[in-house]
Structure formats: structure tokens, C-alpha cells
Amino acid sequence: QVQLVESGGGSVQEGGSLRLSCAATGYTNSPNYMGWFRQAPGKEREGVACISTHTGSTYYASSEQQGRFIISQNNANNTVFLQMNRLTTEDTAMYYCASANYGLCTWVLRGAAPPVDFGHWGQGTQVTVYS
């Protein structure tokens, strides 16, 4: 059974940094794509960043996020990371990791999120940025 477990969330002052981790277990073969999404209170879930696990190509929802966030991976253990720098209060949200064999990064490029029955999702890790 595939499971995704996120870690690394917490509270940080505006301007600070956090590094999120997501470990995917239960895969016979690595998923083709892994990505990060987030959902702030009262808002829809949105895409943040995505990575092709086989090519290492990365995708971001916006150029602004691309300048502050870095998605990376450790192929050896199906782990993906999200380094978040220069955080602002608008980054406050629950951050979710997702994996899929197709289409995941397309959703991220749209700044949107697929349905929760698309691919596999973690339970989320809370990021709170205070001023």
C-alpha cells in the first residue's frame, strides 16, 4: 500500500525558511512525478511545485515561487523535499505531498490541484508564517 508522509512543517517568522520532506513508501516502481500542493483556510488547494522523478525536471506554479522555493528529491528512497525561503504570511497553509504516474505537474503549472482521488496524497504538514 502506497503511503506518503510529510514532515518539516512548523511556525516561522516572516522572512524565514523551512524545509519540507515527503517520503513515499509502498511503491514497487518509483512514481513518475511527485509534487507539493497547499491549501490555506477558506481557499482551494493549489499547486506549488512538482518534479519528474526520472529526469529531475522541476516545475513551479509561478515564477515568484520558483524564486523562493526549491523542489528536490532523493531517488534512492522516493523522498521529495521543498525548500522554502523568504516566507511570507501568505505562505501559511497546509502543505500536501502527492505522487502520480502522469499529469501531476500539469496541475501544478496551472496553479491548481487534482481531485484527491488522483494519485496518492499525504496527510499534510502545517506551515504557519507569522509577522
Side-chain angles (χ1 to χ4, degrees):
Q1 182 177 357
V2 173
Q3 283 191 316
L4 276 64
V5 179
E6 303 99 332
S7 62
S11 294
V12 63
Q13 193 169 21
E14 203 164 25
S17 300
L18 281 174
R19 188 185 193 220
L20 306 183
S21 299
C22 171
T25 60
Y27 273 101
T28 301
N29 298 304
S30 299
N32 290 335
Y33 303 98
M34 294 186 70
W36 288 96
F37 298 80
R38 68 185 184 185
Q39 188 166 18
K43 295 187 177 182
E44 293 185 354
R45 192 172 297 190
E46 62 180 12
V48 176
C50 186
I51 187 166
S52 166
T53 63
H54 299 300
T55 69
S57 296
T58 58
Y59 307 87
Y60 296 88
S62 69
S63 57
E64 190 275 338
Q65 286 175 351
Q66 187 170 3
R68 296 190 296 123
F69 296 171
I70 302 171
I71 187 170
S72 61
Q73 64 177 341
N74 181 339
N75 275 356
N77 55 12
N78 285 341
T79 301
V80 65
F81 307 97
L82 185 68
Q83 176 69 41
M84 303 188 294
N85 302 317
R86 303 191 302 281
L87 286 162
T88 75
T89 56
E90 294 188 356
D91 295 315
T92 294
M94 184 73 78
Y95 283 70
Y96 296 92
C97 176
S99 65
N101 284 325
Y102 66 93
L104 193 68
C105 297
T106 301
W107 287 96
V108 166
L109 289 172
R110 295 174 183 170
V116 293
D117 59 354
F118 181 92
H120 295 92
W121 293 83
Q123 293 300 306
T125 185
Q126 177 67 38
V127 171
T128 302
V129 184
Y130 58 91
S131 58

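Quick note: residue numbers are just sequence positions, from 1. Heavy-atom basis, side chains included; hydrogens, waters and symmetry copies ignored.
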*Are Leu20 and Met34 grouped together when hydrophobic residues (ILVMFWY) are joined by side-chain heavy atoms under 4.5 angstrom apart?*
yes
*What about Tyr130 and Met94, same hydrophobic cluster or not, with Ile/Leu/Val/Met/Phe/Trp/Tyr joined at side-chain heavy-atom distances under 4.5 Å?*
no
*asked:* Would you say CD of Gln123 has more than 12 non-hydrogen atoms from neighbouring residues, nucleotides or ligands within 6.0 angstrom?
replied: no
*With rounding to the nearest 0.5 Å, note down the distance linking NE2 in His54 to OG in Ser30.*
6.0 Å
_I need the minimum non-hydrogen distance between Tyr96 and Glu6, along with the two atoms involved._
CA-OE2, 3.4 Å
_I'd like to know if Leu109 and Tyr60 are part of one continuous hydrophobic network [Ile/Leu/Val/Met/Phe/Trp/Tyr, side-chain heavy atoms within less than 4.5 Å]._
no
*asked:* Using the ring centroid of each side chain, check whether Phe81 and Phe69 are separated by less than 6.0 Å.
replied: no
_Could you measure the distance from the CZ atom of Arg19 to the OG atom of Ser72? Nearest 0.5 Å is fine._
5.5 Å
*Within-4.5 Å side-chain heavy-atom neighbours: Arg68 and Met84*: no
*Leu4 side, atom CG; Thr25 side, atom OG1 - distance, nearest 0.5 Å*: 7.5 Å
_Has Asn101 got a side-chain atom pairing as donor or acceptor with Asn32's backbone, closer than 3.5 angstrom?_
yes
*Any donor and acceptor pair, going by atom type alone, linking the side chain of Thr53 with main-chain N or O of Pro31 inside 3.5 Å?*
yes
*May I ask you to test the Tyr27-His120 pair for a side-chain heavy-atom distance under 4.5 Å?*
yes
*Heavy atoms only: give me the nearest Leu104-Pro114 pair and the separation to one decimal.*
CD1-CG, 4.2 Å
_Has Thr92 got a side-chain atom pairing as donor or acceptor with Val129's backbone, closer than 3.5 angstrom?_
yes
*asked:* Quick check: closest heavy atoms across Tyr33 and Cys105, and the distance to 0.1 Å?
replied: CD2-SG, 3.5 Å
_Could you walk me through whether Cys22 and Trp36 satisfy the side-chain contact (heavy atoms from CB on, under 4.5 Å) test, starting with their C-alpha distance in whole Å, then the side-chain angles of each, then the deciding distance to 0.1 Å, before giving a yes or no?_
CA-CA 9 Å; Cys22 171; Trp36 288 96; 3.6 Å; yes
*Determine, using the 4.5 Å side-chain heavy-atom cutoff (strictly less than), whether Ile70 and Val48 are members of one ILVMFWY cluster.*
yes
_Contact summary for Ile71 and Val80, nearest pair of heavy atoms_ = CG1-CG2, 3.6 Å
_Smallest separation among heavy atoms of Leu82 and Ala49, with atom names_ = CD1-CB, 4.1 Å
_If you compare all heavy atoms of Gly47 against all heavy atoms of Phe37, which two are closest, and at what distance to 0.1 Å?_
CA-CD2, 3.3 Å
*asked:* What I'd like to find out is whether the side chain of Asp91 reaches to under 4.5 Å of the side chain of Arg38, using heavy atoms alone.
replied: yes
_Are Val127 and Trp121 linked, directly or through intermediate hydrophobic residues, by side-chain heavy-atom contacts shorter than 4.5 Å (ILVMFWY only)?_
no
